[in-house]
Asker: 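Handing you this structure, nothing more for now.
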Amino acid sequence: MDILKSKFKEKSAALAAEIKTLLKEHGDVVIDQVTLSQAYGGMRDIKSMIWETSLLDAQEGIRFRGFSIPELSQKLPQGKGKEPLPEGLFWLMLTGEVPTEEEAQWLSDEWERRRNVPAHVFATIDALPTATHAMTQFVVGVMALQGESVFARRYEEGMPKSAYWDAAYEDSMNLIAALPVVAAYIYRRQYKQGVDIQADNSLDWAASFAQMLGVTDNPEFQDLMRLYMTIHADHEGGNASAHTTHLIGSTLSDPYLSFAGAMYALAGPLHGLANQEVIKWIFEMVEKIGTTRPTSEQIAEYVRQTLAAGRVVPGYGHAVLRQPDPRFTAQLEFAKKYCGDDDIVQTVWNIFETVPPILQSLGKIKNPWPNVDAHSGALLVHYGMKEYGFYTVLFGVSRALGVLAALCWSRALGFALERPKSLTTDWVKDFLAKK
Ligand code: NMX
Ligand code: MLT
């Protein structure tokens, strides 16, 4: 058994035993109540799911196993770069322990060893028109990989419940290893005349993804990908992509199917597609105003036009956060270091100054601050990746780390089929009449 799997086995067996006792002693404790507004309003804030890998605080933002993003930059191994390695974050989410440099290096090597994408996966993607949205191509690629599922094969062969975690681990590791190859293939196919780039085995997972994309030789872009893949990985369990993974996985659909479902959710403009919408919106603004450095007044006017047209300002607002997203801040710090005078970066910062007071003045928006998507595109554009139709795939490759680590935990802890109760409005009216 490999070193990560055996650590995960030990940790998850211990927690499973602890949860058993905890539920025996406290299973009837009430942890929340649900209002009618929550039932109609997207189930905001209802405590109804266990997700071990990260926890979101409305004011502070995300913590992965208790560590904030600035803390992760200090603690996680950085390999040959200057940003935390996503390998380190995956190890942390799966075991609750910060790995050593050697352990992170082991995981880089292990993902390289597992980086296997059968030829039919490329052929399946090739059957789609090149103009097909990159997220659709990505989901099709993941589904074409599903035939490799160890979980599905072992289930068919009669795998006992006690072995689910092992098969989920195998699939998660194999899928994470394969995703950068599939994603880079789609990018090169759609935007670079199909000229494919083979992986450089001397690089870590995120850096080799950057190299396969072939956007630039600038090593800063490899560091950007390390940072990007780390900060987008997980945002507790209630967001749409994580929750979808959890729901599908709870039916014992394998990790490939569960992750593909997550990507359908991530492809929505209120969720991950917002990263493409932000840059599209900025490009349109710059085009309309006729300058690459719009003033605050020009931005404010454009924001008012967006709102008057009944559209949302992409990259702003959040269902949980009530402060600027620390993932936005981490990208801002990266930009300050490397490209603070870039036109589009300056515009993103100017939008950051201009938008919150306008959104606040509407009186209905709970969070006027930027989220993760408000900054990511500007950095990609700076390094030459202007094809915003691909941006959500980058988010998706990163999100695999969190949702698949959490899925391994769900199978190891034996979580049940998810099946909440729904109501009709007639039921609600009857209930109110009887109150
Ligand atoms: N621009 C305009 N209106 C907004 C915005 C915004 N950025 N954010 C919220 N509102 C509106 C929202 O549509 C709702 O309007 P109405 O009552 O007319 O239906 C009202 O303000 C109250 O919404 P909230 O309770 O503040 O936000 P909610 O939790 O419902 O939605 C988002 C959260 C993220 C869906 C919302 O803020 C939004 O649409 N933001 C823009 C899209 C975006 O950036 N999404 C990415 C989120 C992060 N991610 O990567 O997933
Ligand atoms: C995410 O990263 O999933 C988004 O910020 C959305 C969320 O947390 O609801």
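One-based numbering, in listed order, for ligands and for the atoms of each. FYI, the numbering just counts along the sequence from 1.
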Asker: Between L270 and ligand 1, which residue portion shows a heavy-atom distance shorter than 4.0 Å: side chain, backbone, both, or neither?
Answerer: both
Asker: Which word best sums up how the rings of F221 and Y383 line up, parallel for under 30°, tilted for 30 to 60°, or perpendicular for over 60°?
Answerer: tilted
Asker: I need the E236 CD to L55 CG distance, nearest 0.5 Å.
Answerer: 5.5 Å
Asker: Hey, which atoms in ligand 1 end up nearer than 4.0 Å to a heavy atom of D373?
Answerer: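 Under 4.0 Å from D373, ligand 1 has these atoms: 46 (C), 48 (C), 49 (N), 50 (O).
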Asker: For the rings on F328 and F352, is their centre-to-centre separation under 6.0 Å?
Answerer: yes
Asker: Where the closest heavy atom to atom 51 (O) of ligand 1 is concerned, which of R399, K364, H271, H232 has it?
Answerer: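 Residue with the shortest heavy-atom distance to the ligand atom: H271.
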Asker: When you check the side-chain N and O atoms of H318 and N367, is any donor under 3.5 Å from an acceptor?
Answerer: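 No, no side-chain donor-acceptor pair sits under 3.5 Å.
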Asker: Which of the numbered atoms in ligand 1 are under 4.0 angstrom from any heavy atom belonging to H318?
Answerer: 33 (C), 34 (C), 37 (O)
Asker: Determine whether F334 and D223 make a side-chain contact, defined as any pair of heavy atoms from C-beta on separated by less than 4.5 Å.
Answerer: yes
Asker: Can you list the atoms of ligand 1 that are under 4.0 Å from a heavy atom of G315?
Answerer: 43 (C), 44 (O)
Asker: List the protein residues in contact with ligand 2, where contact means a heavy-atom separation under 4.0 angstrom.
Answerer: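 Ligand 2 pocket, heavy atoms under 4.0 Å: H235, N239, H271, H318, R327, F395, R399.
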Asker: Could you tell me whether L307 approaches ligand 1 through its side chain, its backbone, both or neither, with non-hydrogen atoms closer than 4.0 Å?
Answerer: side chain
Asker: In terms of atom number and element, which parts of ligand 1 are under 4.0 angstrom from non-hydrogen atoms of V313?
Answerer: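 Atoms satisfying the 4.0 Å criterion: 1 (N), 2 (C), 6 (C), 7 (N), 41 (C).
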Asker: Please report whether the ring centroid of W205 lies less than 6.0 Å from that of F90.
Answerer: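 That pair fails the under 6.0 Å test.
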Asker: Between E277 and ligand 1, which part of the residue brings a heavy atom under 4.0 Å of the ligand: side chain, backbone, both or neither?
Answerer: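 For E277, no heavy atom sits under 4.0 Å from ligand 1.
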Asker: Please work out whether any backbone atom (N, CA, C, O) or any side-chain heavy atom from C-beta onward of A274 is under 4.0 Å from ligand 1, and answer side chain, backbone, both or neither.
Answerer: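 Only the side chain of A274 comes within reach of ligand 1.
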Asker: Going by the order shown, which atoms of ligand 1 are within less than 4.0 Å of some heavy atom of K366?
Answerer: 25 (O), 26 (O)
Asker: Does the protein put a heavy atom less than 4.0 Å from atom 21 (O) of ligand 1?
Answerer: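 It does: a protein heavy atom is found less than 4.0 Å away from atom 21 (O) of ligand 1.
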Asker: Roughly how far apart are D2 CG and E170 CD, rounded to 0.5 Å?
Answerer: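 Rounded to the nearest 0.5 Å, the CG-CD separation comes out at 7.0 Å.
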Asker: Between R399 (side chain only) and H232 (backbone N and O only), is there a donor and an acceptor less than 3.5 Å apart?
Answerer: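 Yes, because the side chain of R399 sits within donor-acceptor range (under 3.5 Å) of the backbone of H232.
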Asker: Can a side-chain donor-acceptor contact be found between Q222 and K80 if the only test is distance below 3.5 angstrom?
Answerer: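 The criterion, which ignores hydrogens and geometry beyond distance, is not satisfied for Q222 and K80.
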Asker: Working to the nearest 0.5 angstrom, can you tell me the gap between E353 CD and I351 CD1?
Answerer: 11.5 Å
Asker: Out of R327, R311, R44, indicate the one that has the non-hydrogen atom closest to atom 29 (O) of ligand 1.
Answerer: R44
Asker: Check the orientation of W91 and W106. Use parallel for under 30°, tilted for 30 to 60°, and perpendicular for over 60°.
Answerer: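 The arrangement is perpendicular - the two ring planes meet at more than 60°.
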Asker: Taking non-hydrogen atoms only, is I365 closer than 4.0 angstrom to ligand 1 via side chain, backbone, both or neither?
Answerer: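 Both backbone and side chain.
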